[in-house]
Protein chains: 2
Amino acid sequence: MHRRHLVIHFLSMETRRADQIAVQLEELIFDGTFVDGQRLDEVRLAEHFGVSRTPLREALQRLALSGMVEMIPRRGAFVQQPGPVQLMEMFEVMAELEAACGRLAAMRITDSALGDLRAANAKCLAAVEARDSDSYYAENERFHRIIYQQSGNGFLEQETSKLHKRLKPFRRKQLRFRGRMAQSMAEHEAIVAALEDGDAARAEDTLRKHVAVQGEKFHILMASLKRAAE
Amino acid sequence: MHRRHLVIHFLSMETRRADQIAVQLEELIFDGTFVDGQRLDEVRLAEHFGVSRTPLREALQRLALSGMVEMIPRRGAFVQQPGPVQLMEMFEVMAELEAACGRLAAMRITDSALGDLRAANAKCLAAVEARDSDSYYAENERFHRIIYQQSGNGFLEQETSKLHKRLKPFRRKQLRFRGRMAQSMAEHEAIVAALEDGDAARAEDTLRKHVAVQGEKFHILMASLKRAAE
DNA sequence: GTCAACAATTTTGTATACAAGCCGGATCAT
DNA sequence: ATGATCCGGCTTGTATACAAAATTGTTGAC
(Lines give C-alpha, C1' and ligand atoms only; values in the text may rest on other atoms or scores of the structure.)
Protein backbone atom coordinates (compact mmCIF):
# COMPACT_ATOMS: atom_id res chain seq x y z
CA MET A 1 0.00 0.00 0.00
CA HIS A 2 2.86 2.32 0.78
CA ARG A 3 4.50 1.59 -2.50
CA ARG A 4 1.25 2.02 -4.30
CA HIS A 5 0.80 5.39 -2.75
CA LEU A 6 4.21 6.48 -3.83
CA VAL A 7 3.49 5.38 -7.34
CA ILE A 8 0.30 7.35 -7.39
CA HIS A 9 2.09 10.41 -6.21
CA PHE A 10 4.80 9.92 -8.77
CA LEU A 11 2.42 9.44 -11.64
CA SER A 12 0.25 12.29 -10.58
CA MET A 13 3.20 14.60 -10.72
CA GLU A 14 3.59 13.73 -14.34
CA THR A 15 0.12 13.22 -15.62
CA ARG A 16 -2.46 15.26 -13.81
CA ARG A 17 -2.25 18.95 -14.28
CA ALA A 18 -4.56 19.52 -11.32
CA ASP A 19 -2.03 17.99 -8.93
CA GLN A 20 0.86 20.07 -10.15
CA ILE A 21 -1.26 23.17 -9.76
CA ALA A 22 -2.25 22.17 -6.24
CA VAL A 23 1.42 21.87 -5.31
CA GLN A 24 2.29 25.20 -6.89
CA LEU A 25 -0.63 26.95 -5.25
CA GLU A 26 0.45 25.49 -1.93
CA GLU A 27 3.86 27.02 -2.47
CA LEU A 28 2.37 30.40 -3.34
CA ILE A 29 0.36 30.37 -0.13
CA PHE A 30 3.32 29.18 1.93
CA ASP A 31 5.67 31.87 0.70
CA GLY A 32 3.15 34.60 1.29
CA THR A 33 2.42 35.53 -2.31
CA PHE A 34 -1.23 35.15 -1.41
CA VAL A 35 -2.02 36.79 1.88
CA ASP A 36 -4.53 35.61 4.44
CA GLY A 37 -8.14 36.18 3.47
CA GLN A 38 -7.34 36.94 -0.14
CA ARG A 39 -9.83 35.69 -2.65
CA LEU A 40 -8.42 33.33 -5.24
CA ASP A 41 -9.96 34.21 -8.57
CA GLU A 42 -10.55 31.11 -10.63
CA VAL A 43 -10.30 32.64 -14.08
CA ARG A 44 -7.25 34.71 -13.26
CA LEU A 45 -5.43 31.72 -11.75
CA ALA A 46 -6.55 29.52 -14.63
CA GLU A 47 -5.03 31.78 -17.22
CA HIS A 48 -1.97 32.26 -15.02
CA PHE A 49 -1.37 28.52 -15.07
CA GLY A 50 -2.49 28.24 -18.66
CA VAL A 51 -5.31 25.81 -17.98
CA SER A 52 -9.07 25.90 -17.87
CA ARG A 53 -11.09 26.33 -14.73
CA THR A 54 -11.76 22.63 -14.38
CA PRO A 55 -8.36 21.42 -13.15
CA LEU A 56 -7.87 24.61 -11.24
CA ARG A 57 -11.05 24.06 -9.27
CA GLU A 58 -9.91 20.56 -8.46
CA ALA A 59 -6.66 21.95 -7.11
CA LEU A 60 -8.53 24.51 -5.00
CA GLN A 61 -10.73 21.81 -3.52
CA ARG A 62 -7.68 19.82 -2.59
CA LEU A 63 -6.25 22.81 -0.73
CA ALA A 64 -9.62 23.40 0.89
CA LEU A 65 -9.61 19.89 2.36
CA SER A 66 -6.09 20.32 3.66
CA GLY A 67 -7.30 23.48 5.38
CA MET A 68 -5.21 26.07 3.59
CA VAL A 69 -8.14 27.47 1.65
CA GLU A 70 -11.71 28.10 2.62
CA MET A 71 -14.29 27.52 -0.06
CA ILE A 72 -17.56 29.31 0.52
CA PRO A 73 -20.31 28.10 -1.80
CA ARG A 74 -21.25 30.61 -4.49
CA ARG A 75 -18.74 33.05 -3.03
CA GLY A 76 -15.32 31.79 -3.90
CA ALA A 77 -12.10 30.44 -2.45
CA PHE A 78 -10.19 32.38 0.18
CA VAL A 79 -6.74 31.88 1.61
CA GLN A 80 -7.02 30.72 5.19
CA GLN A 81 -3.88 31.03 7.22
CA PRO A 82 -4.27 29.65 10.73
CA GLY A 83 -4.67 32.38 13.32
CA PRO A 84 -2.63 32.53 16.53
CA VAL A 85 -5.11 30.44 18.47
CA GLN A 86 -5.42 27.73 15.87
CA LEU A 87 -1.66 27.74 15.44
CA MET A 88 -1.14 27.10 19.12
CA GLU A 89 -3.67 24.30 18.93
CA MET A 90 -1.85 22.76 16.01
CA PHE A 91 1.47 22.92 17.82
CA GLU A 92 -0.11 21.26 20.80
CA VAL A 93 -1.44 18.44 18.63
CA MET A 94 1.96 18.18 16.99
CA ALA A 95 3.50 17.70 20.42
CA GLU A 96 1.02 14.96 21.25
CA LEU A 97 1.53 13.18 17.94
CA GLU A 98 5.30 13.26 18.24
CA ALA A 99 5.02 12.07 21.82
CA ALA A 100 2.94 9.15 20.59
CA CYS A 101 5.53 8.38 17.91
CA GLY A 102 8.24 8.41 20.54
CA ARG A 103 6.29 6.19 22.91
CA LEU A 104 5.75 3.58 20.25
CA ALA A 105 9.22 3.96 18.76
CA ALA A 106 10.78 3.28 22.16
CA MET A 107 9.33 -0.21 21.97
CA ARG A 108 9.96 -0.82 18.27
CA ILE A 109 12.97 1.11 17.09
CA THR A 110 15.71 -0.86 15.34
CA ASP A 111 19.40 -0.59 16.11
CA SER A 112 20.17 0.73 12.67
CA ALA A 113 17.56 3.46 13.07
CA LEU A 114 19.15 4.40 16.37
CA GLY A 115 22.39 4.75 14.47
CA ASP A 116 20.67 6.96 11.90
CA LEU A 117 19.31 9.12 14.69
CA ARG A 118 22.76 9.60 16.14
CA ALA A 119 24.14 10.39 12.71
CA ALA A 120 21.47 12.98 12.05
CA ASN A 121 22.11 14.43 15.47
CA ALA A 122 25.83 14.68 14.79
CA LYS A 123 25.19 16.55 11.56
CA CYS A 124 22.79 18.76 13.45
CA LEU A 125 25.47 19.59 15.95
CA ALA A 126 27.96 20.35 13.18
CA ALA A 127 25.41 22.68 11.61
CA VAL A 128 24.93 24.49 14.91
CA GLU A 129 28.65 25.03 15.27
CA ALA A 130 28.89 26.20 11.68
CA ARG A 131 25.96 28.56 12.26
CA ASP A 132 24.39 26.91 9.22
CA SER A 133 20.74 27.26 10.02
CA ASP A 134 19.55 25.77 6.72
CA SER A 135 21.54 22.64 7.23
CA TYR A 136 20.44 22.46 10.85
CA TYR A 137 16.87 22.68 9.75
CA ALA A 138 17.26 19.87 7.21
CA GLU A 139 18.94 17.50 9.65
CA ASN A 140 16.48 18.34 12.37
CA GLU A 141 13.69 17.32 10.06
CA ARG A 142 15.46 14.08 9.21
CA PHE A 143 15.83 13.36 12.93
CA HIS A 144 12.14 13.75 13.55
CA ARG A 145 11.09 11.81 10.47
CA ILE A 146 13.12 8.83 11.59
CA ILE A 147 11.16 8.79 14.82
CA TYR A 148 7.85 9.02 12.97
CA GLN A 149 8.86 6.09 10.85
CA GLN A 150 10.14 4.04 13.77
CA SER A 151 6.79 4.31 15.48
CA GLY A 152 6.12 1.25 13.35
CA ASN A 153 2.72 2.67 12.53
CA GLY A 154 2.41 3.82 8.93
CA PHE A 155 -0.84 5.65 9.55
CA LEU A 156 0.60 7.56 12.48
CA GLU A 157 3.68 8.37 10.43
CA GLN A 158 1.50 9.73 7.65
CA GLU A 159 -0.67 11.88 9.89
CA THR A 160 2.29 13.23 11.81
CA SER A 161 4.14 14.05 8.60
CA LYS A 162 1.10 15.85 7.27
CA LEU A 163 0.89 18.15 10.26
CA HIS A 164 4.66 18.61 10.32
CA LYS A 165 4.53 19.85 6.76
CA ARG A 166 1.67 22.18 7.49
CA LEU A 167 3.53 23.75 10.40
CA LYS A 168 6.80 24.04 8.54
CA PRO A 169 6.57 27.71 7.59
CA PHE A 170 5.75 28.68 11.15
CA ARG A 171 8.29 26.49 12.87
CA ARG A 172 11.08 28.14 10.95
CA LYS A 173 10.38 31.52 12.49
CA GLN A 174 11.08 30.46 16.04
CA LEU A 175 14.44 28.92 15.25
CA ARG A 176 16.18 32.27 15.56
CA PHE A 177 15.65 32.54 19.28
CA ARG A 178 18.97 32.98 20.98
CA GLY A 179 20.28 29.68 22.23
CA ARG A 180 17.33 27.75 20.88
CA MET A 181 19.42 25.55 18.62
CA ALA A 182 21.79 24.55 21.41
CA GLN A 183 18.92 23.77 23.76
CA SER A 184 17.20 21.82 21.05
CA MET A 185 20.33 19.75 20.58
CA ALA A 186 20.41 18.83 24.24
CA GLU A 187 16.81 17.74 23.99
CA HIS A 188 17.63 15.59 21.00
CA GLU A 189 20.28 13.83 23.02
CA ALA A 190 17.80 13.12 25.78
CA ILE A 191 15.32 11.76 23.27
CA VAL A 192 17.86 9.40 21.73
CA ALA A 193 18.87 8.21 25.19
CA ALA A 194 15.28 7.45 26.10
CA LEU A 195 14.72 5.55 22.86
CA GLU A 196 17.95 3.66 23.35
CA ASP A 197 16.82 2.58 26.79
CA GLY A 198 13.46 1.58 25.42
CA ASP A 199 11.92 3.86 28.01
CA ALA A 200 8.53 4.64 26.49
CA ALA A 201 7.37 7.07 29.15
CA ARG A 202 10.57 9.10 29.02
CA ALA A 203 10.65 9.14 25.21
CA GLU A 204 7.07 10.33 25.20
CA ASP A 205 7.74 13.05 27.76
CA THR A 206 10.94 14.41 26.30
CA LEU A 207 9.48 14.53 22.81
CA ARG A 208 6.30 16.22 23.93
CA LYS A 209 8.19 18.92 25.76
CA HIS A 210 10.66 19.29 22.91
CA VAL A 211 7.88 20.06 20.48
CA ALA A 212 5.67 21.97 22.88
CA VAL A 213 8.43 24.42 23.59
CA GLN A 214 8.40 25.36 19.92
CA GLY A 215 4.79 26.33 20.25
CA GLU A 216 5.56 28.36 23.34
CA LYS A 217 8.45 30.16 21.68
CA PHE A 218 6.18 30.86 18.79
CA HIS A 219 3.61 32.23 21.17
CA ILE A 220 6.15 34.57 22.68
CA LEU A 221 7.19 35.65 19.22
CA MET A 222 3.62 36.41 18.25
CA ALA A 223 3.05 38.37 21.42
CA SER A 224 6.15 40.46 20.92
CA LEU A 225 5.20 41.16 17.34
CA LYS A 226 1.76 42.20 18.42
CA ARG A 227 3.17 44.47 21.10
CA ALA A 228 5.54 46.04 18.60
CA ALA A 229 2.64 46.77 16.32
CA GLU A 230 0.72 48.65 18.97
CA MET B 1 -14.43 30.19 13.10
CA HIS B 2 -16.46 27.29 14.41
CA ARG B 3 -19.65 29.05 13.61
CA ARG B 4 -18.36 29.99 10.18
CA HIS B 5 -17.58 26.38 9.46
CA LEU B 6 -21.03 25.32 10.47
CA VAL B 7 -22.54 27.91 8.19
CA ILE B 8 -20.45 26.71 5.30
CA HIS B 9 -21.46 23.18 5.95
CA PHE B 10 -25.06 24.16 6.19
CA LEU B 11 -25.05 26.13 2.98
CA SER B 12 -23.15 23.47 1.13
CA MET B 13 -25.77 20.94 2.07
CA GLU B 14 -28.28 23.04 0.26
CA THR B 15 -26.41 24.52 -2.61
CA ARG B 16 -23.60 22.33 -3.79
CA ARG B 17 -24.62 19.13 -5.39
CA ALA B 18 -21.07 17.78 -5.17
CA ASP B 19 -21.16 17.85 -1.38
CA GLN B 20 -24.42 15.99 -1.11
CA ILE B 21 -23.08 13.36 -3.46
CA ALA B 22 -19.90 13.03 -1.43
CA VAL B 23 -21.96 12.34 1.69
CA GLN B 24 -24.17 9.83 -0.09
CA LEU B 25 -21.20 8.04 -1.63
CA GLU B 26 -19.63 7.87 1.81
CA GLU B 27 -22.76 6.16 3.08
CA LEU B 28 -22.75 3.70 0.21
CA ILE B 29 -19.16 2.76 0.97
CA PHE B 30 -19.81 2.54 4.71
CA ASP B 31 -22.78 0.25 4.39
CA GLY B 32 -20.95 -2.06 2.05
CA THR B 33 -22.91 -1.37 -1.13
CA PHE B 34 -19.56 -0.82 -2.79
CA VAL B 35 -17.10 -3.50 -1.83
CA ASP B 36 -13.39 -3.06 -1.34
CA GLY B 37 -11.43 -2.61 -4.52
CA GLN B 38 -14.48 -1.97 -6.65
CA ARG B 39 -14.06 0.56 -9.40
CA LEU B 40 -16.42 3.50 -9.21
CA ASP B 41 -17.60 4.24 -12.71
CA GLU B 42 -18.00 7.96 -13.21
CA VAL B 43 -20.68 7.90 -15.89
CA ARG B 44 -22.73 5.24 -14.19
CA LEU B 45 -22.63 7.05 -10.85
CA ALA B 46 -23.31 10.35 -12.57
CA GLU B 47 -26.49 9.11 -14.15
CA HIS B 48 -27.40 7.31 -10.91
CA PHE B 49 -27.30 10.63 -9.07
CA GLY B 50 -28.76 12.47 -12.02
CA VAL B 51 -25.83 14.84 -12.46
CA SER B 52 -23.00 15.30 -14.88
CA ARG B 53 -19.50 13.97 -14.34
CA THR B 54 -18.18 17.30 -13.08
CA PRO B 55 -19.74 17.39 -9.59
CA LEU B 56 -19.35 13.64 -9.30
CA ARG B 57 -15.62 13.86 -9.89
CA GLU B 58 -15.39 16.54 -7.24
CA ALA B 59 -17.15 14.24 -4.80
CA LEU B 60 -14.79 11.39 -5.65
CA GLN B 61 -11.77 13.58 -5.07
CA ARG B 62 -13.14 14.52 -1.70
CA LEU B 63 -13.46 10.88 -0.73
CA ALA B 64 -10.00 10.23 -2.09
CA LEU B 65 -8.51 12.81 0.24
CA SER B 66 -10.34 11.34 3.21
CA GLY B 67 -8.80 7.99 2.29
CA MET B 68 -11.93 6.04 1.46
CA VAL B 69 -11.25 6.01 -2.25
CA GLU B 70 -8.07 5.63 -4.19
CA MET B 71 -7.79 7.61 -7.38
CA ILE B 72 -5.24 6.30 -9.81
CA PRO B 73 -4.49 8.75 -12.61
CA ARG B 74 -5.91 7.70 -15.95
CA ARG B 75 -7.22 4.54 -14.37
CA GLY B 76 -10.16 5.45 -12.23
CA ALA B 77 -11.42 5.58 -8.67
CA PHE B 78 -11.45 2.47 -6.49
CA VAL B 79 -13.01 1.81 -3.11
CA GLN B 80 -10.29 1.47 -0.54
CA GLN B 81 -11.34 -0.17 2.69
CA PRO B 82 -8.53 -0.29 5.21
CA GLY B 83 -7.00 -3.75 5.51
CA PRO B 84 -6.41 -5.50 8.85
CA VAL B 85 -2.95 -3.99 9.27
CA GLN B 86 -4.00 -0.45 8.50
CA LEU B 87 -7.06 -0.90 10.68
CA MET B 88 -4.91 -1.88 13.63
CA GLU B 89 -2.73 1.12 12.95
CA MET B 90 -5.75 3.38 12.89
CA PHE B 91 -7.04 1.99 16.17
CA GLU B 92 -3.63 2.56 17.70
CA VAL B 93 -3.64 6.19 16.57
CA MET B 94 -7.18 6.53 17.85
CA ALA B 95 -5.97 5.35 21.24
CA GLU B 96 -3.18 7.90 21.22
CA LEU B 97 -5.45 10.73 20.15
CA GLU B 98 -8.03 9.93 22.79
CA ALA B 99 -5.27 9.62 25.36
CA ALA B 100 -4.09 13.10 24.38
CA CYS B 101 -7.64 14.44 24.67
CA GLY B 102 -7.90 12.91 28.13
CA ARG B 103 -4.56 14.29 29.24
CA LEU B 104 -5.51 17.82 28.22
CA ALA B 105 -9.08 17.50 29.40
CA ALA B 106 -7.90 16.49 32.88
CA MET B 107 -6.40 19.96 33.18
CA ARG B 108 -9.18 21.88 31.48
CA ILE B 109 -12.49 20.12 31.93
CA THR B 110 -15.34 22.14 33.41
CA ASP B 111 -17.59 21.01 36.23
CA SER B 112 -20.63 21.04 34.01
CA ALA B 113 -18.87 18.84 31.47
CA LEU B 114 -18.03 16.41 34.26
CA GLY B 115 -21.72 16.34 35.03
CA ASP B 116 -22.49 15.65 31.38
CA LEU B 117 -20.01 12.80 31.40
CA ARG B 118 -21.65 11.23 34.41
CA ALA B 119 -25.06 11.66 32.82
CA ALA B 120 -23.94 10.00 29.61
CA ASN B 121 -22.39 7.24 31.63
CA ALA B 122 -25.60 6.66 33.56
CA LYS B 123 -27.57 6.36 30.33
CA CYS B 124 -24.89 4.02 29.07
CA LEU B 125 -25.35 1.83 32.10
CA ALA B 126 -29.12 1.84 31.67
CA ALA B 127 -28.64 0.78 28.06
CA VAL B 128 -26.40 -2.10 29.14
CA GLU B 129 -28.98 -3.33 31.61
CA ALA B 130 -31.70 -2.99 29.01
CA ARG B 131 -29.55 -4.88 26.51
CA ASP B 132 -30.14 -1.95 24.18
CA SER B 133 -26.97 -1.97 22.14
CA ASP B 134 -28.04 0.87 19.84
CA SER B 135 -28.69 3.17 22.73
CA TYR B 136 -25.47 2.08 24.39
CA TYR B 137 -23.62 2.90 21.24
CA ALA B 138 -25.13 6.38 20.99
CA GLU B 139 -24.41 7.30 24.60
CA ASN B 140 -20.92 5.86 24.38
CA GLU B 141 -20.23 8.16 21.47
CA ARG B 142 -21.57 11.13 23.39
CA PHE B 143 -19.29 10.24 26.30
CA HIS B 144 -16.22 10.25 24.10
CA ARG B 145 -17.16 13.38 22.21
CA ILE B 146 -17.45 15.30 25.45
CA ILE B 147 -13.86 14.38 26.24
CA TYR B 148 -12.70 15.45 22.78
CA GLN B 149 -14.38 18.76 23.28
CA GLN B 150 -13.07 19.24 26.79
CA SER B 151 -9.51 18.87 25.57
CA GLY B 152 -9.92 22.60 24.99
CA ASN B 153 -8.20 22.19 21.65
CA GLY B 154 -10.52 22.65 18.69
CA PHE B 155 -8.02 21.27 16.22
CA LEU B 156 -7.46 18.14 18.28
CA GLU B 157 -11.19 17.73 18.68
CA GLN B 158 -11.64 17.97 14.94
CA GLU B 159 -8.92 15.47 14.07
CA THR B 160 -10.04 13.00 16.72
CA SER B 161 -13.64 13.24 15.56
CA LYS B 162 -12.57 12.64 11.99
CA LEU B 163 -10.82 9.40 12.85
CA HIS B 164 -13.62 8.36 15.19
CA LYS B 165 -16.07 8.68 12.34
CA ARG B 166 -13.84 6.75 9.99
CA LEU B 167 -13.54 3.87 12.45
CA LYS B 168 -17.23 3.82 13.29
CA PRO B 169 -18.27 0.92 11.07
CA PHE B 170 -15.46 -1.24 12.44
CA ARG B 171 -15.87 -0.34 16.07
CA ARG B 172 -19.42 -1.56 16.00
CA LYS B 173 -18.40 -5.10 15.20
CA GLN B 174 -16.42 -5.68 18.36
CA LEU B 175 -19.16 -4.52 20.70
CA ARG B 176 -20.75 -7.94 20.71
CA PHE B 177 -17.95 -9.58 22.62
CA ARG B 178 -19.34 -11.20 25.71
CA GLY B 179 -18.98 -8.90 28.68
CA ARG B 180 -17.39 -6.18 26.65
CA MET B 181 -20.06 -3.61 27.44
CA ALA B 182 -19.81 -4.18 31.17
CA GLN B 183 -16.04 -3.98 31.09
CA SER B 184 -16.27 -0.85 29.02
CA MET B 185 -18.56 0.70 31.59
CA ALA B 186 -16.04 0.06 34.36
CA GLU B 187 -13.39 1.73 32.25
CA HIS B 188 -15.63 4.73 31.74
CA GLU B 189 -15.97 5.08 35.49
CA ALA B 190 -12.22 5.02 35.89
CA ILE B 191 -11.84 7.66 33.20
CA VAL B 192 -14.34 9.98 34.83
CA ALA B 193 -12.62 9.51 38.18
CA ALA B 194 -9.25 10.42 36.70
CA LEU B 195 -10.69 13.50 35.01
CA GLU B 196 -12.42 14.51 38.21
CA ASP B 197 -9.15 14.29 40.10
CA GLY B 198 -7.43 16.30 37.40
CA ASP B 199 -4.94 13.46 37.14
CA ALA B 200 -3.59 13.92 33.60
CA ALA B 201 -1.38 10.85 33.57
CA ARG B 202 -4.13 8.56 34.78
CA ALA B 203 -6.71 10.01 32.40
CA GLU B 204 -4.27 9.52 29.55
CA ASP B 205 -3.51 5.95 30.55
CA THR B 206 -7.03 4.77 31.19
CA LEU B 207 -8.30 6.29 27.96
CA ARG B 208 -5.49 4.83 25.90
CA LYS B 209 -6.09 1.36 27.23
CA HIS B 210 -9.85 1.75 26.91
CA VAL B 211 -9.53 2.48 23.21
CA ALA B 212 -6.61 0.17 22.53
CA VAL B 213 -8.55 -2.79 23.84
CA GLN B 214 -11.11 -2.17 21.12
CA GLY B 215 -8.40 -2.58 18.55
CA GLU B 216 -7.24 -5.77 20.21
CA LYS B 217 -10.74 -7.21 20.35
CA PHE B 218 -11.10 -6.33 16.73
CA HIS B 219 -7.85 -8.09 16.01
CA ILE B 220 -9.08 -11.23 17.72
CA LEU B 221 -12.29 -11.00 15.79
CA MET B 222 -10.44 -10.71 12.51
CA ALA B 223 -8.23 -13.65 13.38
CA SER B 224 -11.17 -15.85 14.30
CA LEU B 225 -12.97 -14.92 11.10
CA LYS B 226 -9.89 -15.72 9.10
CA ARG B 227 -9.49 -19.05 10.86
CA ALA B 228 -13.13 -19.88 10.24
CA ALA B 229 -12.64 -19.20 6.55
CA GLU B 230 -9.75 -21.62 6.25
C1' DG C 1 -2.19 -23.09 -29.94
C1' DT C 2 -0.03 -19.18 -28.08
C1' DC C 3 1.82 -14.84 -28.06
C1' DA C 4 2.36 -10.29 -29.79
C1' DA C 5 0.98 -6.26 -32.10
C1' DC C 6 -2.62 -3.33 -33.62
C1' DA C 7 -7.13 -1.30 -33.83
C1' DA C 8 -11.55 -0.17 -31.70
C1' DT C 9 -13.89 1.09 -27.72
C1' DT C 10 -14.17 2.79 -23.39
C1' DT C 11 -12.78 6.00 -19.92
C1' DT C 12 -10.35 9.61 -17.91
C1' DG C 13 -8.70 14.47 -18.06
C1' DT C 14 -9.43 19.08 -19.83
C1' DA C 15 -11.74 22.75 -22.31
C1' DT C 16 -15.72 25.27 -23.38
C1' DA C 17 -20.53 26.51 -22.95
C1' DC C 18 -24.51 27.41 -20.24
C1' DA C 19 -27.27 28.36 -15.94
C1' DA C 20 -27.85 30.33 -11.57
C1' DG C 21 -26.68 33.09 -7.68
C1' DC C 22 -24.19 37.12 -5.57
C1' DC C 23 -22.49 42.05 -5.66
C1' DG C 24 -22.70 46.76 -6.78
C1' DG C 25 -24.65 50.69 -8.75
C1' DA C 26 -28.57 53.24 -10.24
C1' DT C 27 -33.23 54.65 -9.51
C1' DC C 28 -37.14 55.76 -6.96
C1' DA C 29 -39.79 56.70 -2.85
C1' DT C 30 -40.07 58.62 1.63
C1' DA D 1 -30.62 63.13 1.80
C1' DT D 2 -31.09 58.54 2.92
C1' DG D 3 -32.81 54.19 2.47
C1' DA D 4 -34.68 50.29 -0.09
C1' DT D 5 -35.35 47.91 -4.37
C1' DC D 6 -34.35 46.35 -8.76
C1' DC D 7 -31.46 45.60 -12.67
C1' DG D 8 -26.99 44.44 -14.90
C1' DG D 9 -22.39 42.49 -14.69
C1' DC D 10 -19.57 39.18 -12.79
C1' DT D 11 -18.44 34.81 -10.59
C1' DT D 12 -19.38 30.29 -9.34
C1' DG D 13 -21.52 25.68 -10.22
C1' DT D 14 -22.88 22.33 -13.65
C1' DA D 15 -23.39 20.35 -18.20
C1' DT D 16 -21.55 19.14 -22.49
C1' DA D 17 -17.94 18.56 -25.88
C1' DC D 18 -13.42 17.19 -27.12
C1' DA D 19 -8.70 15.05 -26.65
C1' DA D 20 -5.62 11.75 -24.92
C1' DA D 21 -4.66 7.49 -22.85
C1' DA D 22 -5.74 2.80 -21.41
C1' DT D 23 -8.10 -1.47 -21.81
C1' DT D 24 -9.92 -5.00 -24.54
C1' DG D 25 -10.78 -7.68 -28.49
C1' DT D 26 -9.10 -9.20 -32.85
C1' DT D 27 -6.03 -10.57 -36.12
C1' DG D 28 -1.91 -12.37 -37.73
C1' DA D 29 2.49 -14.68 -37.34
C1' DC D 30 5.36 -18.17 -35.40
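These numbers were taken from a predicted model, which means no experiment stands behind them. Per chain, numbering begins at 1; letters A, B, ... match sequence-line order.
- When only modelled atom types and interatomic distance are considered, A:Ser151 and A:Asn153 share no side-chain donor-acceptor pair under 3.5 Å.
- Atoms CZ (A:Arg57) and C1' (C:dA15) sit 14 Å apart, rounded to a whole Å.
- Rounded to an integer number of Å, the gap from B:Arg62 CZ to D:dG13 P is 10 Å.
- Dashed line: the shortest gap from a side-chain N or O of A:Arg75 to OP1 or OP2 of C:dC22 is not under 4.0 Å.
- For B:Val51 and A:Asp41, each mapped to the nucleotide of DNA chain D holding its nearest heavy atom, the one lying further toward the 5' end belongs to A:Asp41.
- Judged by atom type and distance alone, B:Arg53 reaches the base of C:dG13 through a side-chain donor-acceptor pair under 3.5 Å.
- Atom CG of B:Leu56 is separated from atom C1' of C:dG13 by 14 Å (rounded to the nearest Å).
- Regarding B:Leu60, its CG atom lies at a distance of 10 Å from the P atom of C:dG13, rounded to whole Å.
- If you check C:dA15, D:dT14, D:dT12 against the side chain of B:Ser52, the one that comes closest is D:dT14.
- Contact annotation: A:Arg39 side-chain N/O to D:dT12 OP1/OP2 distance is under 4.0 Å.
- In this model, a donor atom of one side chain and an acceptor atom of the other lie less than 3.5 Å apart for B:Tyr148 and B:Glu98.
- Residue A:Arg74 places no side-chain N or O under 4.0 Å from the OP1 or OP2 atom of C:dC22.
- For the pair A:Glu58 CD and C:dG13 P, the interatomic distance rounds to 8 Å; values are reported in whole Å.
- Using a 4.5 Å cut-off on side-chain heavy atoms (C-beta onward), A:Met90 and A:Arg166 make contact.
- Straight-line distance from the CD1 atom of A:Ile72 to the C1' atom of C:dC22: 12 Å, rounded to whole Å.
- Here CG of A:Leu45 is found 11.0 Å from CD of A:Gln24. Values are rounded to the nearest 0.5 Å.
- Heavy-atom nearest nucleotides on DNA chain C were determined for B:Val43 and for A:Gly50, and the one closer to the 5' end corresponds to B:Val43.
- Closest contact between the side chain of B:Thr54 and the listed nucleotides D:dA15, C:dT12, C:dT14 involves D:dA15.
- Rounded to whole angstrom, the span from the CD atom of A:Gln61 across to the P atom of D:dT12 amounts to 12 Å.
- Atom CD1 in B:Ile21 sits about 8 Å away from atom P in D:dA15, given to the nearest Å.
- Checked by atom type, the side-chain pair A:Ser161/A:Arg145 shows a donor-acceptor distance below 3.5 Å.
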